[in-house]
Amino acid sequence: MNWITIAWPMVASACLTLGLIELRIGLTQPPRAARLLFALSAFAVAGISGLELALTRADNLADWWPLMRWLDIAVGLMMVSLTAFIWVYFGTGSKWLALAVPGLYAVGLAFDYLPGSGMTYQQITGFRTVETFGGVTFNLAEGVPNPWNVFPYLAVLALIVFVVDASARLWRRGGRWRAAVVGGSIVLFFLVGGGQAALIETGAVQMPYLISWAYLVILVAMASELHADVLAAAQLASRLQDSEMVLQQLRSQLAHASRVSLMGQLASALAHELNQPLGAILRNAEAAELFLAQDPPDLDELRAILLDIRQDDRRASDVIERLRTLLKRRSLAPCALSVGDLLTTVAALTRGDAAARQTRLEIAAAPGLPLVMGDAVHLQQVLLNLVLNAMDAVGHLPAERRQVRVGAQRPDERAVEVSVSDGGHGIAPDQLGQLFEPFFTTKPHGMGIGLAISRTIIEAHGGRIWAENNGSDGATFRFTLPLVEESPAP
Ligand code: ADP
């Protein structure tokens, strides 16, 4: 086998390879028409390549004729798909020139299906074996040329003018690289391919069709476009990563701001919380003074009082510590934690506030709940926000009906669900979908970021947060937390 006969299959494989890559890109969501059209043209040229090779072997009309018909169809398909490709890919071009391409070609192609005629030759008179490319022999058909064969050439001419015009328009709009490389390669291909076909069909040269070889120019141009696209996509991905990081920082700043604002609301509650141990310390110190004044002083009583003072002091510093951790900006550090403990801490943090608002806070965790993966401080923030919102929602009710219930249960094997339920005004149905949007608030002095941040925190934990109206009145907010994964048995 000579190198020349291998060249066609090689051209076909190159077309198929790039065609498949383009098809793959074209079928991503949303589908890209330009890529699909280019893939179609590449597949058509792969077919042309095979047909061109087969034609060099045909030495009788029965073999030659169907091959030639298929070649004409494949060439038409290639021309139409390239025209449509340029139309979509460049986003510009003359509609009439684009429509002239299939119109003119169809007239020529019709001769293939008229009795006693063909697009290229009216009649085949015989076959000749010629030697070319340094000793390789090919079969060539000889016949009476069809004078109407001018139509496919007019179609090629229309295509060339269409591409030149579309490229010039794109060039003026700033797409110079694409106009020059893609537009230029297509024009070059049709000049070379069309020119060679014309020379063969007019009998000026005696050689097989090499249209598919010329298509390599387009393949190279499109491969370089693809390369540029891949590079651009990589740069875009890295820019996206950068903006994602900025967004993350903004979110964390926002979370911090919201914690500070929450703390504003909580300040009175915490002052109340601190007052208790401080008052107890004061009263114990006064009692100690009385015991010291006795003669002899009651040392046992004094020891008991000192112990009380120490415990109260620890309680006070615990409250301050909780405040400090809550105010500090931290990234997520999940570890195994008990939901029961979480609810107890939140109950302690909100007890003062609940008393000030004359709201009854009921905490009920189902027994035997498994440990969850979570960051205690962030989850406290979520729960605080939900409880304070619930207290807001029942604020307008008479004191005896102001009630907020916090519960924890296990809905399925994979998660624990925490719920905060109130008997307040509930949520307007049209607002249910917006509650977790940033800055959505119905309160005159609300910031509307509490729930948005809560959602960010819960989703970062791999959980889900949602709200629903209760059957009777009020609303329930729920979130899930994933369980600590059991380590596999050794
Ligand atoms: P803010 O409290 O600043 O308004 P949030 O993000 O905490 O911001 O809440 C957004 C909105 O969700 C509130 O303004 C309110 O309309 C609604 N909302 C939150 N919790 C409840 C609740 N328990 N009952 C009814 N509506 C609620």
Side-chain angles (χ1 to χ4, degrees), residues 247 250-270 326-327 329 342-343 346-347 349-354 356-364 377-409 417-461 463-480:
L247 202 71
L250 276 177
R251 239 185 238 149
S252 116
Q253 278 167 11
L254 205 65
H256 178 62
S258 116
R259 268 204 289 280
V260 173
S261 101
L262 259 181
M263 291 317 295
Q265 299 175 46
L266 278 175
S268 66
L270 285 159
L326 209 58
L327 272 176
R329 184 185 313 167
L342 185 70
L343 298 200
V346 173
L349 281 168
T350 45
R351 199 180 300 128
D353 212 311
R357 298 175 185 221
Q358 294 180 287
T359 305
R360 203 142 55 85
L361 194 63
E362 235 180 65
I363 309 271
V377 174
H378 280 94
L379 292 176
Q380 277 168 29
Q381 188 196 338
V382 172
L383 260 176
L384 275 177
N385 187 41
L386 297 182
V387 171
L388 291 176
N389 273 347
M391 288 190 192
D392 284 344
V394 295
H396 64 288
L397 296 174
E400 67 276 9
R401 285 179 52 207
R402 287 184 213 147
Q403 195 182 16
V404 172
R405 282 181 306 279
V406 182
Q409 48 276 326
E417 186 189 85
V418 179
S419 59
V420 178
S421 187
D422 64 69
H425 50 63
I427 304 155
D430 60 328
Q431 290 173 350
L432 261 171
Q434 306 171 52
L435 297 185
F436 295 89
E437 308 266 288
F439 307 117
F440 174 79
T441 181
T442 53
K443 301 175 192 166
H445 302 293
M447 285 177 69
I449 51 176
L451 287 179
I453 288 169
S454 299
R455 182 170 65 176
T456 310
I457 294 176
I458 295 300
E459 285 177 357
H461 277 81
R464 204 165 74 81
I465 184 166
W466 70 100
E468 58 206 21
N469 277 316
N470 300 334
S472 48
D473 46 15
T476 300
F477 282 74
R478 295 177 198 278
F479 64 85
T480 56

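Just so you know, ligand 1 is whichever comes first in the structure, and atom 1 is the first atom listed for that ligand.
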Distance dump, ligand 1 polar atoms to protein, N/O, under 3.5 Å:
from     : atom 1 : to     : atom 2 : distance (Å)
ligand 1 : 2 (O)  : Asn389 : OD1    : 3.2
ligand 1 : 2 (O)  : Lys443 : NZ     : 2.8
ligand 1 : 3 (O)  : Met447 : N      : 2.8
ligand 1 : 3 (O)  : Gly448 : N      : 2.8
ligand 1 : 4 (O)  : Thr441 : OG1    : 2.6
ligand 1 : 6 (O)  : Gly450 : N      : 3.3
ligand 1 : 6 (O)  : Leu451 : N      : 2.7
ligand 1 : 7 (O)  : Asn389 : OD1    : 3.3
ligand 1 : 7 (O)  : Asn389 : ND2    : 2.8
ligand 1 : 8 (O)  : Gly448 : N      : 3.4
ligand 1 : 14 (O) : Thr441 : OG1    : 3.3
ligand 1 : 14 (O) : Thr442 : N      : 2.8
ligand 1 : 14 (O) : Thr442 : OG1    : 3.3
ligand 1 : 16 (O) : Thr442 : OG1    : 2.4
ligand 1 : 23 (N) : Asp422 : OD2    : 2.9

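Checked against side-chain hydrogen bond (donor to acceptor under 3.5 Å, both in side chains), Glu417 has the following partners two or more places apart in sequence or in another chain: Gln409, Arg478. The side-chain hydrogen bond (donor to acceptor under 3.5 Å, both in side chains) search around Thr476 returns Ser421, Asn470, not counting sequence neighbours.
Residues Gln431 and Thr442 are in side-chain contact: their nearest non-hydrogen atoms beyond the backbone lie under 4.5 Å apart. Residues Phe479 and Val420 fail the side-chain proximity criterion, which asks for heavy atoms closer than 4.5 Å. With contacts defined as side-chain heavy-atom distances shorter than 4.5 Å, the pair Leu342/Gln380 qualifies.
Sorted by first and then second residue, the salt bridge (Lys or Arg N to Asp or Glu O under 4.0 Å) pairs involving residues 443-458 (not counting sequence neighbours) are Asp392-Lys443.
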